[in-house]
2 protein chains.
Amino acid sequence: MAASGDGTVGKALEVLDQVASYGRPVRFSELQGASRFPKATLYRFVQTLTNQGMLAFDPDRGTYAPGMRLVRLAHASWQTASLAPIAAGHIDRLSADVGETVHLAQLDHAQVIYVDKRNAADPVRMYSQSGKVGPAYCTGVGKVMIAYLPEADLADALGQQSFHRFTDTTHTTVESLRAELTDIRANGYGFDREEHEPGIICIALPILTETNRALGAISVTSTTTRTNLAGLESLVQRIRTTAEAIAKDASSWHFPIPARSS
Amino acid sequence: MAASGDGTVGKALEVLDQVASYGRPVRFSELQGASRFPKATLYRFVQTLTNQGMLAFDPDRGTYAPGMRLVRLAHASWQTASLAPIAAGHIDRLSADVGETVHLAQLDHAQVIYVDKRNAADPVRMYSQSGKVGPAYCTGVGKVMIAYLPEADLADALGQQSFHRFTDTTHTTVESLRAELTDIRANGYGFDREEHEPGIICIALPILTETNRALGAISVTSTTTRTNLAGLESLVQRIRTTAEAIAKDASSWHFPIPARSS
DNA sequence: ATCACAAGTTCCATTAGTTGAAACTTAGTT
DNA sequence: AACTAAGTTTCAACTAATGGAACTTGTGAT
């Protein structure tokens with residue numbers, strides 16, 4: 001359990017998360033208002049994190065934002081602990097072949113993290129999507145990944161979903177989501193039926209180990225104006241080739257199998 | 001001075017940096033061998049960081065790697081504290097116009113952090129992506145950024161350079177580098193004359209505030225087989241337009257001016 | 001200018017968490 | 001089975017974190 005119970009370090013990282021959650025520079029007083037820590041304690045955490053380059057302080061505006069050291073560290077993570085370097089060549093080819101946007105995602109604490117992407121038309125943009133998080137219950141990649149979770153982890157993951165209704169096809173109950181997960185396991189692939197954004201559809205396949213654990217997932221995204229679910233479904237064989245190739249490379253590179261979450 | 005002197009949090013982050021520095025998953029014993037911390041202490045740090053998702057533990061191999069939480073946090077940093085979102089449109093256009101690879105970089109503790117890039121249609125095969133760090137003394141973007149540092153910060157930054165000789169044009173002394181920095185300030189732009197990689201050249205311009213502080217830098221990279229320094233120099237006006245447009249947008253977005261480092 | 005209030009910063013006695021040598025357990029080798 | 005190295009736990013000594021309160025600075029109103 002990743003509770004922020006471990007000591008001073010856990011508390012400091014909790015503050016770091018809080019700053020990151022605003023998505024914009026924040027004043028100390030804003031943090032204080034939303035924090036469980038008393039003023040002096042919070043102040044010291046923010047000081048320490050700033051000293052360490054984990055936060056950046058803007059003296060002119062008196063605001064804090066996540067610091068550049070994170071970008072440096074994340075690069076290391078992305079390089080050594082994500083599927084991106086292994087998958088790069090494969091998704092290049094997939095994207096070129098199908099002419100649509102391709103996403104590579106992994107699961108982290110019941111959340112989807114987009115790890116890489118290829119745009120069909122536009123040039124590649126690294127972190128514009130890399131590092132972005134999304135909900136597991138209403139994205140193609142999210143659903144295919146949780147579908148292959150062991151029951152204990154799945155229950156845990158489902159418990160953490162918010163089931164916010166983004167569109168009128170969004171799953172709003174555990175039951176309807178579980179039903180779809182069963183289908184996904186049967187088919188080996190899943191869709192996003194405009195569940196997150198109207199007009200945006202995708203097909204997603206898991207990247208599976210020999211023991212049927214999902215290391216990650218890839219998806220091909222399109223719009224309802226360009227194609228439909230049947231159109232995406234026709235790409236299954238091509239995408240499966242890529243997913244299997246990535247899985248094979250990952251196993252020979254001894255890519256770490258994600259540890260249990262709870 | 002970002003010495004890891006601040007308490008437990010500083011020490012834990014030092015361990016995190018150490019793990020990241022290997023660029024591959026590492027065993028506990030490897031860390032212990034290179035660490036100033038005693039076994040039990042190091043062990044607890046690694047445990048805490050793993051609990052927190054800052055490190056990922058692979059139970060099969062008994063190795064640690066930087067965790068996915070960093071990727072999530074870095075995305076927030078990239079979005080709110082880097083120039084990338086502001087510059088995105090501008091460097092899209094620049095890259096399309098000049099047909100070469102464009103880099104956007106910022107300075108962090110005397111190191112260059114590449115924050116975004118655009119590949120030319122025919123991409124130069126180079127190792128560089130967002131979050132990647134590079135030396136300041138032998139890259140175009142690094143030199144133009146430190147050229148505009150106040151003397152106190154510049155002295156500090158120069159003291160941190162390793163002056164490793166990558167090629168035979170690499171600067172190896174503070175003196176020769178300082179001489180070039182004077183030229184850069186006079187011209188408003190600088191080059192990478194195959195100082196980092198043979199065959200790779202670039203022209204770089206700083207992104208300056210009204211008070212002549214460098215918020216970041218952009219560069220256009222090419223190869224000696226495709227063009228030469230004069231060819232790159234002919235792009236100065238075009239690149240300057242982009243740099244100034246980014247600076248203008250940054251000031252109206254109230255982009256934070258980097259704080260003094262030491 | 002002067003005051004009032006909020007935001008930000010420092011102090012320091014108390015308390016809680018960190019420290020690390022040593023003992024222990026597990027995994028791998030001869 | 002005996003040995004060795006890697007990984008894990010323990011616990012008393014100790015050091016660093018805690019947070020209420022006092023203080024300073026910044027902002028805006030009169």
Side-chain angles (χ1 to χ4, degrees), chain A residues 1-19 22 24-67 81 254 256-257 259-260, chain B residues 1-19 22 24-67 81 254 256-257 259-260:
Chain A
M1 56 170 67
S4 2
D6 14 33
T8 315
V9 176
K11 292 176 202 169
L13 293 176
E14 191 181 328
V15 172
L16 184 58
D17 263 353
Q18 200 203 330
V19 176
Y22 284 85
R24 58 176 173 80
V26 274
R27 288 191 166 283
F28 175 75
S29 54
E30 296 184 82
L31 293 172
Q32 207 218 128
S35 178
R36 67 187 181 93
F37 300 112
K39 213 182 184 181
T41 304
L42 182 66
Y43 184 73
R44 235 174 320 93
F45 278 139
V46 163
Q47 290 279 53
T48 304
L49 290 168
T50 304
N51 259 320
Q52 291 292 326
M54 301 297 277
L55 290 179
F57 179 64
D58 176 0
D60 294 329
R61 334 224 130 248
T63 55
Y64 297 89
H254 290 134
I257 290 158
R260 297 205 59 249
Chain B
M1 184 60 63
S4 3
D6 13 34
T8 315
V9 176
K11 292 174 200 169
L13 293 176
E14 190 181 329
V15 173
L16 184 59
D17 263 353
Q18 199 203 330
V19 175
Y22 284 84
R24 60 176 172 80
V26 273
R27 288 193 167 283
F28 175 76
S29 53
E30 296 184 81
L31 292 173
Q32 208 218 131
S35 178
R36 67 189 180 92
F37 300 112
K39 212 178 180 183
T41 304
L42 182 66
Y43 185 72
R44 236 173 320 92
F45 278 138
V46 163
Q47 288 279 55
T48 303
L49 290 169
T50 304
N51 259 320
Q52 291 292 328
M54 301 297 277
L55 290 180
F57 179 65
D58 176 0
D60 293 328
R61 333 223 128 251
T63 55
Y64 297 90
H254 289 137
I257 291 158
R260 298 205 58 251

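Values in this document were obtained by computation on a predicted structure and should not be read as measured data. Each chain gets a letter, A, B and so on, in the order the sequences are listed, and its residues count up from 1.
Remark: P of C/dG8 and CD of A/Q47 are 12 Å apart, rounded to the nearest angstrom. Here C/dT18 presents its C1' atom at 16 Å from CG of B/D6, a figure rounded to the nearest Å. C/dT19 atom P lies 11 Å from atom CD of B/E14, rounded to whole Å. Put simply, CZ on B/F57 is 12 Å from C1' on D/dA6, counting in whole angstrom units. Rounded to an integer number of Å, the gap from CZ of A/F28 to C1' of D/dT25 is 14 Å. Across the protein-nucleic acid pair, B/L42 atom CG and D/dG7 atom P stand 11 Å apart, rounded to whole Å. Rounded to an integer number of Å, the gap from CZ of B/R61 to C1' of C/dG28 is 16 Å.
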Could you list, one pair per line, each protein nitrogen or oxygen that sits under 3.5 Å from a nitrogen or oxygen of nucleotides 18-24 of chain D, together with the distance?
{"unit_1": "D/dT18", "atom_1": "OP1", "unit_2": "A/K11", "atom_2": "NZ", "d": "3.1"}
{"unit_1": "D/dG19", "atom_1": "OP2", "unit_2": "A/T41", "atom_2": "OG1", "d": "3.1"}
{"unit_1": "D/dG19", "atom_1": "N7", "unit_2": "A/R44", "atom_2": "NH2", "d": "3.3"}

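With a 4.5 Å cut-off on side-chain heavy atoms, A/T8 and A/F45 count as touching. Within the 4.5 Å cutoff, side-chain heavy atoms of A/V9 are placed close to those of A/L13. Residues B/K11 and B/R36 have side chains in contact (heavy-atom distance under 4.5 Å, counting atoms from C-beta outward).
Within the 3.5 Å criterion, the main-chain N or O of B/R61 finds a donor-acceptor partner in the side chain of B/R27.
By the 30° and 60° cut-offs, the orientation of the rings of B/F57 relative to B/Y64 is tilted.
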| query | So A/F28 and A/L42, side chain to side chain contact (heavy atoms under 4.5 Å, CB included) or not? Walk me through it. | reply | CA-CA 9 Å; A/F28 175 75; A/L42 182 66; 4.0 Å; yes
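Taking side-chain N and O atoms only, A/R27 has no distance below 4.0 Å to OP1 or OP2 of C/dA7. Between A/Y43 and the phosphate of C/dT10, there is a side-chain N or O to OP1/OP2 separation shorter than 4.0 Å. Proximity of B/S29 to the phosphate of D/dG7: a side-chain N or O atom is located under 4.0 Å from OP1 or OP2.
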